[in-house]
Amino acid sequence: MEIRQLKYFLRVAETLNFSQAARELFITQSTLSQQILHLEQELSQQLFVRNSHEVILTEAGEMLLPMARDSVYMVDNCVQRIQELGQLLTGELNIGVTFSFSGIMAETMIVTFSFSGIMAETMIDFMHKHPKVKLSVCFSSMEDLMERLQRHELDLVLAFKPSEGNPRIESQVLFNNRLAAVVNSQHPLAQQKDITLEDLQRHPLVLPTKGLQARNAFDRMTAHSGLQYNIKAEINNVGLLFKFVRQTKYVTVLSESTVIDETGLVAIPVIGSRSTVADGAEGFKNEMEGCIHTLKNGYQKASAREFIHLLHQSTAIWKTMGE
């Protein structure tokens, strides 16, 4: 068995298309098919079911998939490990950032990257200190990024802590944050120190799309409240949410630190209700932990360790924490 064959197998398994896999590997389809056949013969197992309509992994193929990923990952890191013995930071650092978390990273996420906030500051510092390392930043959902982290496609993920843990992933808290109602500075709510879940019923809402972390936190907070909200729209882009809020009387709900460096916007912490706060009742938690997620007990690139160190040193962190 050759590592090249495992790489070929992985590409076919991920695309489920021999033609596409061959193009991405820069080889002919006949060469790819031949190498997969050799691998199947060596294992005495069929790895794919092929017909004129589709390609499907067999049970043996499904079993081989995670082992092949781990094997290729370890081989690909051999050169990097040796280079790091000489304190040479090279190669590529792949970072995943969730849509909700990216509100504190960049002003408008994907299209226009604002050089303010934690991510921009750390990227600039890192690229200045380590020009031989290529940074690749991917914005996506928590579910997608965590899957890619476990497939070794990402070196670290920046996201709020999920409600359910994963035994393969280690989460390192970067900062603590609260869920907040975000309005423009002229909104009637802008002068309030906090806002209850009941108060939010009286205002039209433009919320992050279901599945995004700020929305997940809001849905958990309101799940057993029996309250009904006037939701006008759901959007998965922080920049567009900001635009709606700036130009209208709509209210959105995001992490409190999302509006750092955002002119004309105000974040108002969300509380349970006046009665529960007055009584000191337990059970209402409005806290979102911003975390760095990495594979537990996995090899970590020197570039990843350096980037994480710089994140902790970022002055934006202290600003986020209010220090």
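Quick caveat: nothing in here was measured; it's all calculated off a predicted structure.
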Return the minimal non-hydrogen interatomic distance between [X] and [Y], and the atom names on each side.
X    : Y    : result
E153 : N94  : O-CB, 3.5 Å
T209 : N236 : OG1-N, 3.1 Å
S71  : L6   : CB-CD1, 4.0 Å
T248 : N184 : O-ND2, 2.7 Å
L227 : E198 : CD1-N, 3.9 Å
M146 : V157 : CE-CG1, 4.5 Å

Which pairs with one or both residues in [range] pass salt bridge (Lys or Arg N to Asp or Glu O under 4.0 Å), sequence neighbours excluded?
range            : result
residues 225-245 : R215-E234
residues 20-48   : R11-E24, E40-R50
residues 174-189 : R178-E256

Pairing residues for [X] by the side-chain contact (heavy atoms from CB on, under 4.5 Å) criterion, not counting sequence neighbours:
X   : value
H38 : Q5, Q34, Q35, Q41
S33 : F18, Q29
A60 : Q45, L47, T58

Are V173 and I95 co-members of a hydrophobic cluster defined by side-chain heavy atoms under 4.5 Å apart? no

- Say whether V12 and L37 are linked into one hydrophobic cluster, either directly or through other cluster members, by side-chain heavy-atom distances under 4.5 angstrom. no

Students should find that the hydrophobic cluster of M67, defined by side-chain heavy atoms under 4.5 Å apart, otherwise consists of M63

The remaining residues in the hydrophobic cluster of I56, counting side-chain heavy-atom contacts under 4.5 Å among Ile, Leu, Val, Met, Phe, Trp and Tyr, are V49

What I'd like to find out is whether the side chain of [X] reaches to under 4.5 Å of the side chain of [Y], using heavy atoms alone.
X    : Y    : value
V266 : H187 : no
V251 : L200 : yes
F9   : L57  : yes
M142 : P162 : yes
Q300 : D155 : no
T98  : L158 : no
R69  : Q150 : no

With a 3.5 Å distance limit and no angle check, can you tell me whether [X] reaches the backbone of [Y] through a side-chain donor-acceptor pair?
X    : Y    : value
S171 : H293 : no
T222 : S225 : no
K249 : P204 : no
Q201 : L197 : no

ring-ring contact (aromatic ring centres under 6.0 Å, His included) filter on Y229, not counting sequence neighbours, yields F218

Sorted by chain and residue number, the ring-ring contact (aromatic ring centres under 6.0 Å, His included) partners of Y8 (sequence neighbours excluded) come out as none

**Message:** The test is side chain to side chain donor-acceptor pair (under 3.5 Å); show your working for T31 and T28 and say whether it passes.
**Reply:** CA-CA 5 Å; T31 298; T28 65; 2.7 Å; yes

**Q.** Pair N230-H203, side-chain contact (heavy atoms from CB on, under 4.5 Å): steps then yes or no
**A.** CA-CA 7 Å; N230 182 17; H203 302 274; over 6 Å; no

*Check whether more than 12 heavy atoms from other residues, nucleotides or ligands sit under 6.0 Å from atom NZ of K134, and answer yes or no.*
no

So does E143 have more than 12 non-hydrogen atoms from other groups sitting under 6.0 Å from CD?
no

With sequence neighbours left out, the residues meeting salt bridge (Lys or Arg N to Asp or Glu O under 4.0 Å) with K210 are D219

Across all chains, not counting sequence neighbours, the side-chain hydrogen bond (donor to acceptor under 3.5 Å, both in side chains) partners of R220 are none

Notebook entry, point to check: Could you go step by step and tell me if D199 and T196 meet the side chain to side chain donor-acceptor pair (under 3.5 Å) rule?
Noted result: CA-CA 5 Å; D199 291 339; T196 67; 3.1 Å; yes

